[in-house]
Amino acid sequence: MLTLRPSQPISLPTPPPVSRLNRSANRPPSCSLTFNHSTSPATATEVSNNQLIQSLCKKGDLRRALSLLSQESNPSQRTYELLLLSCSRNRSLPNGIAVHRHLSLNGFDQDPFLATKLINMYSELDDLQSARRVFDEIHDRTIFVWNALFRALTLAGYGEQVIELYKRMNERGILSDRFTYTYVLKACVAAEGGTVLFKEGKEIHGHILRHGYEDNVHVMTTVVDMYARYGCVGYAERVFGEMHDKNVVSWSAMIACYAKNGMAYEALELFREMMAEECADNAPNSVTMVSVLQACAALSALEQGRLIHGYILRRGLDSILPVVSSLMTMYGKCGKLDVAQHIFDRMDVRDVVSWNSLISGYGIHGFGEKAIDIFREMIRSGTSPSPVSFVSVLGACSHAGLVEEGKALFDSMAKEHGIHPNVEHYACMVDLLGRANRLDEAAAIIQGMRIEPGPMVWGSLLGSCRIHGNVQHAERASDKLFQLEPKNAGNYVLLADIYADARMWDEVKTVKKLLETRGLQKVPGRSWIEVKRKIYSFLSVDEINPQIEQLHALLLELAREMKEEGYTPPTRIVLYDLDVQEKESILLGHSEKLAVAFGLINTSKGEAIRITKNLRLCEDCHSMTKFISKFTSREILVRDINRFHHFRDGVCSCRDYW
DNA sequence: CACGAGGAAG
């Protein structure tokens with residue numbers, strides 16, 4: 001709004017020509033600590049000049065505003081406020097520093113109101129040191145000043161510093177307000193290097209209850225979110241359950257908590273509950289829908305997803321970009337790539353995330369070339385790739401074995417797009433080379449990294465070693481991984497698998513022992529299938545399903561047919577010390593096979609079977625599913641942790657490269 | 001005078 005405040009005179013003499021104003025520029029700066037805007041009455045010229053600067057700021061014409069500033073003898077606090085805001089908006093740090101200097105010289109350097117504005121500006125222009133200096137130099141630290149610095153440091157990921165300052169604030173007896181709590185809670189999960197300050201977060205939760213903020217919906221929602229990010233779903237549930245006032249944000253936070261922590265089923269359940277209770281204050285909105293769609297995607301719950309899509313259309317949320325991207329991702333992960341493409345084609349406005357969604361969709365389905373085409377089309381159409389674009393397209397190359405293309409894209413990142421590879425990009429490259437059995441090159445990439453490799457990179461190497469049975473690289477990678485993430489059971493299992501593959505049974509035993517002594521458990525294989533809007537989940541050695549005997553019988557028969565065609569089950573991948581017969585029966589009990597058998601029995605003949613699995617598909621399941629697709633003339637789609645396998649007529653879309 | 005909560009691509 002460009003209208004002037006009613007308290008200010010509307011009719012003013014037109015601003016004098018510039019030459020008349022210059023006289024004020026040479027005045028000595030005021031050094032008094034009291035604010036001269038209140039001590040010296042402004043002349044009509046100054047008032048009008050203030051207003052001119054202000055309106056230029058509002059129009060976004062920072063350049064002219066600044067040139068007027070140099071002629072203005074008595075800028076007001078409001079003028080400085082708008083100037084600072086304008087500097088943030090124009091992303092101009094040098095101008096911001098100039099305004100800062102100007103206001104200091106005019107005696108505003110101890111104004112707490114402008115101090116918070118300065119801190120905000122420096123925060124937005126990523127100059128945390130200057131923000132900190134403003135804080136250090138101001139004597140009258142109102143809670144606003146503290147909050148501004150907390151906010152700045154939290155946004156920049158300096159959680160530890162926030163908590164340290166918060167402690168100091170408490171020691172000085174300064175009382176937090178509701179804003180302080182939201183910032184310091186966020187600080188606990190925004191610490192450097194992704195570490196979290198769990199103990200501190202719980203303590204602050206205690207402070208909040210002691211100071212009577214347990215009914216503040218903003219604060220308590222932040223508490224829920226904090227526990228969600230810690231992965232403490234139980235705590236989040238309890239806090240959420242005890243909240244008196246819940247609104248759409250609190251519900252969304254709890255749904256997101258489930259969706260993010262591998263509890264997609266619970267996320268959908270809570271969404272249902274939310275719909276049942278729906279009132280004006282908690283009607284689901286676009287943010288809610290994003291998490292709900294993520295949950296559908298995680299479960300491959302296509303029917304659920306379609307229902308949600310219908311709801312989104314009815315609520316008119318279908319033109320909100322994050323919703324559309326989530327829809328595309330959901331359809332892609334449910335095996336409906338064509339629908340994702342269709343949605344994309346019909347979009348009026350796209351952003352880089354829309355493109356990335358499509359690229360990764362093609363990537364997980366194994367269409368590497370198509371993914372690269374879309375990536376190029378995105379650039380041609382004028383959208384600059386983001387770091388995630390490269391993760392998506394490199395991942396696509398990796399799934400399709402497009403090594404040279406991937407290497408070229410990786411090289412182009414910094415050269416052509418000014419994006420410096422991060423750990424994830426390196427992990428993609430290690431994966432790309434490793435899967436193609438170029439493990440020495442993959443190791444060389446790690447060697448040459450300018451940043452710390454981190455568990456993701458070593459994990460990629462170890463995974464590739466599992467595929468190609470390379471013990472030497474595996475030992476090096478697992479050494480690193482056992483240091484970096486000693487509690488990740490998957491790494492131990494991978495190494496044991498690799499040893500077993502090489503028939504190094506003593507080593508297998510050692511690794512299994514290590515797993516036990518550290519109190520870790522192998523993540524059990526789980527597969528699920530949606531039949532008539534219901535999701536059926538299977539564990540290996542499943543006894544719960546009422547049809548279990550029928551499933552086993554069917555699988556046995558199929559296995560017999562396979563053997564007649566000359567198939568020998570790869571029993572070496574079973575890590576237990578058993579005879580061949582028992583090993584075969586363990587293989588036959590894998591959750592993915594149970595889910596396929598369940599699909600064969602409970603869906604109609606022409607219908608495709610869609611399965612989702614929480615781990616990488618094992619060799620035997622892969623072979624058997626290929627066989628089943630031919631033997632029963634069924635299309636079978638399996639999404640494993642990495643990608644899709646589209647089985648049809650005895651062939652898999654991954655061309656046995658996964 | 002002012003500052004807040006949940007969400008997209010991997």
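Residue numbering restarts at 1 for every chain, and letters A, B, ... go by the order of the sequence lines. The shown structure was predicted, so the numbers you read here are calculated from the model rather than taken from an experiment.
One interatomic measurement links the two molecules: CZ of A:F344 to C1' of B:dA9, which rounds to 12 Å at whole-angstrom precision. The nearest whole Å value for the distance from the CD1 atom in A:I312 to the P atom in B:dA8 is 14 Å. Put simply, CG on A:D431 is 13 Å from C1' on B:dG10, counting in whole angstrom units. Going from atom CG of A:L317 over to atom C1' of B:dA8 covers 14 Å, rounded to whole Å. The CG-C1' distance, from A:L321 to B:dA8, rounds to 9 Å in whole Å. If you take CZ of A:F410 and P of B:dG10, they are 19 Å apart, rounded to a whole angstrom.
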*Per-nucleotide protein contact string for nucleotides 1-6 of chain B, where B marks a base within reach and S marks sugar-phosphate only (heavy atoms under 4.0 Å, - for neither)*: BBBBBB
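Considering every non-hydrogen atom in both A:D215 and A:D245, the closest pair reads O-OD2, 3.8 Å.
No engagement by A:S354 is indicated, since no non-hydrogen atom pair under 4.0 Å with the nucleic acid exists. Among the protein residues, A:V391 comes within range of the sugar-phosphate backbone only, with heavy atoms under 4.0 Å from sugar or phosphate atoms but none that close to a base. Within 4.0 Å (heavy atoms only), A:I255 reaches no atom of the nucleic acid at all.
Residues meeting the side chain to side chain donor-acceptor pair (under 3.5 Å) test with A:S291, sequence neighbours left out: none. A:D281 pairs by the side-chain contact (heavy atoms from CB on, under 4.5 Å) definition with A:N247, A:C279, not counting sequence neighbours. Remark: A:T142 pairs with A:P112, A:D140, A:F144, A:V145 by the side-chain contact (heavy atoms from CB on, under 4.5 Å) rule, at least two apart or across chains.
Distances shown here put a side-chain N or O of A:Q294 below 4.0 Å from the OP1 or OP2 atom of B:dA8.
Using modelled atom types, no side-chain atom of A:N147 and backbone atom of A:F179 make a donor-acceptor pair closer than 3.5 Å.
Of the residues in residues 373-381 of chain A, none lies under 4.0 Å from DNA chain B by heavy-atom distance. Within residues 263-275 of chain A, no residue approaches DNA chain B, by heavy-atom distance under 4.0 Å.
Around CE of A:M456, the count of heavy atoms belonging to other residues, nucleotides or ligands within 6.0 Å does not exceed 12.
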*When you look at A:N642 and A:H399, which way does the side chain to side chain donor-acceptor pair (under 3.5 Å) test go after all the steps?*
CA-CA 9 Å; A:N642 293 316; A:H399 294 315; 6.0 Å; no
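Under the 6.0 Å distance and 45° angle rule, A:R350 counts as a cation-pi partner of A:F344.
When side chains are defined from C-beta on, A:H425 counts as touching A:P387, because their heavy atoms get closer than 4.5 Å.
Applying side-chain contact (heavy atoms from CB on, under 4.5 Å) to A:V323 and the options A:N285, A:V287, A:V290 leaves one that passes, A:V290.
Ring orientation note: the planes of A:Y181 and A:H211 are tilted relative to one another, at an angle of 30° to 60°.
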